[in-house]
Structure formats: structure tokens, C-alpha cells
There are 2 protein chains.
Amino acid sequence: MAGWEAIRTEVLARIRSRAWPLGTLIPPEAALAQEFGVARATVNRALSELARAGVLERKRKAGTRVAALPVRKATLDIPVIRAEVEARGEVYGLRLLLCELAQPPVPVLARLGQDVGEMLHIETLHLASGRGFVLEDRWLNPAILPTPLPDFAAISANEWLVAHISYASGDISFSAEAANDAAAAALGVAQGSAVFVTERCTWAPDAPITWVRLIHAPGYRLSTVL
Amino acid sequence: MAGWEAIRTEVLARIRSRAWPLGTLIPPEAALAQEFGVARATVNRALSELARAGVLERKRKAGTRVAALPVRKATLDIPVIRAEVEARGEVYGLRLLLCELAQPPVPVLARLGQDVGEMLHIETLHLASGRGFVLEDRWLNPAILPTPLPDFAAISANEWLVAHISYASGDISFSAEAANDAAAAALGVAQGSAVFVTERCTWAPDAPITWVRLIHAPGYRLSTVL
DNA sequence: ATTGCTATTATGTCTGCACATATTCCAAAG
DNA sequence: CTTTGGAATATGTGCAGACATAATAGCAAT
């Protein structure tokens, strides 16, 4: 019995077997370290991992307890659209539908929380083997862009951003909606079809970077393992 | 400059500032440890964290490089439905629509990958302040259930499972679909409405536990911060 | 030119110790 | 009885050193 993964497995087994029922306090790290014959740091590594997964709840001094109403935490991978298409073995394509400066509509302003005046409005249709895959509707803060503007007909705004404004913070949400006329036409599906929508809002430390809505073609699935 | 979070911040700053461009190899842990005046373990902690977030890619001997096409990793919290309803400040309710032993249909068998004979088919409508919130369609391996059966009209199968079969592994996927007749009627929405669907498949080490499809009422959003 | 072995090297993990920090609990003071 | 102020304690984080492991790169033999 050595290695933090072995410890993690053993702890999980005890939880599953109800040796440590839901909601109960488990022995402190020092005790477990002695029992398993490893250093406390090793136990700590294992328990921290389980806490990150939502299986355990830890508080200083209070000790470690088995989560009573476990909140499963799943990790989603959010790749660049081109990578996603190519991972399916399809040919990626891109069509720039719109690229102009304009005043963003109120809902977009509300999500960004700040008015920076006119923003660059970009609409891009991403293609997988020629068929519509994702319709991207983006509002971009022009202050963060270089002059001259990148050629968004050659590289999607999506990809340009991850390559140049990387690792900003933001939020993301997923929902189901009925495709409106424009989206249905662009994706080549019936108007009113159920489509999977990803909405993302990205911030630099001081100013908004971008708000984007990705409308995925019907049949799209977002998956992960638990 | 001490503490692994400070190191993480500094490394992120260098990536953002292009001091370490995308795709390049960064100095080995030992060098960074010396530069920052901390132990290698501290640098390791910081870099590992960034690797988990998808900002860095690490390989033994090959070294650590800044991810070229960063795959953002977002963590989703998947709570028990009752907790989700109550977190919105609404009153949780539950209606058991169906509970019977039956042979699961082929698509369900395919997802489970194994035929264990008849399974318990449970349909539950979860209510938020009296309105339909989620329609749960579940197939449950009866071998894992106690006798007599739990009262699924009082506690939802969803909740009974997390409390009794906790921490199994599985996969989960999200999609958008048009509500069929039954779902539309149960949720009280127009037939064909776009609904958000969560599909989960859970396994014990040896046998399947459950397959479940959650059809969320229109307007449902799944969100997280990046 | 190709294949196969080996040395090198960067990360992964462990140990044992130490101190920091948060939080509970109990006791003393008001 | 309530409040306040330690003291105790469990986790968080740090350090230095060591060995394990994986993968590359270079050299040698075919």
C-alpha cells in the first residue's frame, strides 16, 4: 500500500462500502498516514484529489468529511472549433458572414456589464466537410485588436482569440433553443429545430474581451466522463 | 515571490505577455525553482495546476510546453435535482409516473453495453414550485436494489442513488432535442419545444447501475465559470 | 540506412520535517 | 448567562533530498 493513487482508491472503497458513511468525519491525515504507512503528504495528496472531485469536504481544524449530498464535478474540454471538427475526421471550413463595427444590442451589453461603445460584430459559419457545423455570433472589443485587423475570413475569430488573447477568465453556459430563421438558414436545417447553444463571455482584467454565441447544428453532443 | 499560487500567477503572466509564446518549451522545474528561490516541489505544484487547467502540456523528459491550441477545461457541478431546485429558492416536488420491471429497449442496452435482463423502469417528474422542471427517464439494474424496494414516490431515484450507490464512474452527455409528445405533456410545454437533455450512464466495477435521461424544461441553462 | 541499446534528462512521486492558518472548544472574565 | 480570549488541533503549504519512470537523443552494430 503505497502511492497516493492507492490511498485514494482505498479511501474511495471505504466510502463505497459505507465503512465511512455519507456525512461522517473520517480520521485525520496523520492517523491515516500511520495506518497506511506513508507520509502525511501522500495522504494529503489523495484526500485533496477526492475533495476536488466533490467526494470529500475538507475544512481546517474541522477535519475531513464524506460529502453528504455529493455534487459530482465533471470536467469539460472546450476545444477550438477547428480542432473539434478535425477530431471527427472531417474537413474544416469557414465562411465569414459579417464583420462590421456596430453598437451591441442591450442583451449583449448586459452580459458584458460595461459599455465600451461600438464593437466588432462578427458572424462566422464553421463547416465540417462542407456542411454547417456551428454558427458563431460574436461581439469583440476592438480595443484589444491590432491594426490592421486580422483576416477573420482566413482564421476564425474563435481561433485568433485563443492564439492571441489566451487564458482570460470568463463564464460559459449551455442551453437548448429553437433555431431562428437566420440560424436555420445558415446551418441548413428546418426553422425551429432544437439546437444546442453555447454562450461565452470573456474578460480581461480591466475590460471585456468578447461575447460569443455558438449555435451548433442539430445532433451535437457535449460529452465527458464522470 | 513565494507560494505556489504566486508562481502560478507569474507563469501565467509570462504566457499572457508572450514572454513564453504558445507552443514553446519553458525552462525545466529545477531552473524555475532556482530563479524564483523556491523548492522544486513548489514549482511542480504550480505547473501541475496549470497543466490540469489545460494551459500547459507536460511530458516526462520532453519538458513542459505552453499549449499551442489550448483546450479550455471547465468544471461543471452536477447537483442532485432537489438541491438544484431549492438553490433557486423554489419548492421541490416529485411525481412518480411509472415504476415497473421491463426489458430495456435496444438503445439503452447499447449504451449500457451489457444485458442484465429485465430492469426497473422509472419515470419521475421533478417539480419546481409546482411547475414541471425535469422529466427523468431511468432504467435501473434491480440487482443493486434492496428488498423491499425504496419508495421512489417519496425520494427520487436520482437522490436515492447518490445516497446509496455513491461515487460510481460513468459518462454524461448533453444535447438539445425537440420535446416529444410525452415529454411535452409532462412538462406542460408545446410539443416540439427545444429542450435540454442530459444523458448519464453509470457503472459499478462489474455491472451497470443505471442509465438515465433528464429532459429539462425550456429555459434551462447549465453554466460554469472558466 | 535502419535498428537497437544506453545514457541522459525532465517530470512524477515519496519521505520527513517544519511552520502557517483556520476553526473549534473550553475556560475565564464580565 | 453571555462574551471574550486563548489553547488545541486538523489541514494547507513549504523545504530539501531521494528515487522512479518515461522518453529522447546519440551511438553502435547490423
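Naming: A, B, ... by sequence-line order, numbering from 1 per chain. A quick note: this is a predicted structure, and the numbers were derived from the prediction, not measured.
- A/R40 and A/E29 are joined by a salt bridge, as a carboxylate oxygen and a charged side-chain nitrogen come within less than 4.0 angstrom of each other.
- A straight line from CD of B/E57 to C1' of C/dT11 spans 15 Å, rounded to a whole angstrom.
- Between B/E177 and B/R213 there is a salt bridge, since at least one side-chain N of the basic residue sits less than 4.0 Å from a carboxylate O of the acidic one.
- The ring-ring contact (aromatic ring centres under 6.0 Å, His included) analysis of residues 39-74 of chain B, with sequence neighbours excluded, yields no pairs.
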- Note on the structure: With sugar-phosphate taken as primed atoms, P, OP1 and OP2 and all else as base, the protein-contact string of nucleotides 10-17 of chain D at under 4.0 Å (heavy atoms; B, S, -) is BBBBSSS-
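- The aromatic rings of A/F196 and A/Y220 are tilted relative to each other, their planes meeting at an angle between 30° and 60°.
- In this structure, the CD atom of B/E49 is 13 Å from the P atom of C/dG12, given to the nearest Å.
- Using cut-offs of 30° and 60° on the angle between ring planes, the pair B/Y92 and B/H126 is tilted.
- In this entry the distance linking CG of B/L32 with C1' of C/dA10 reads 12 Å, nearest Å.
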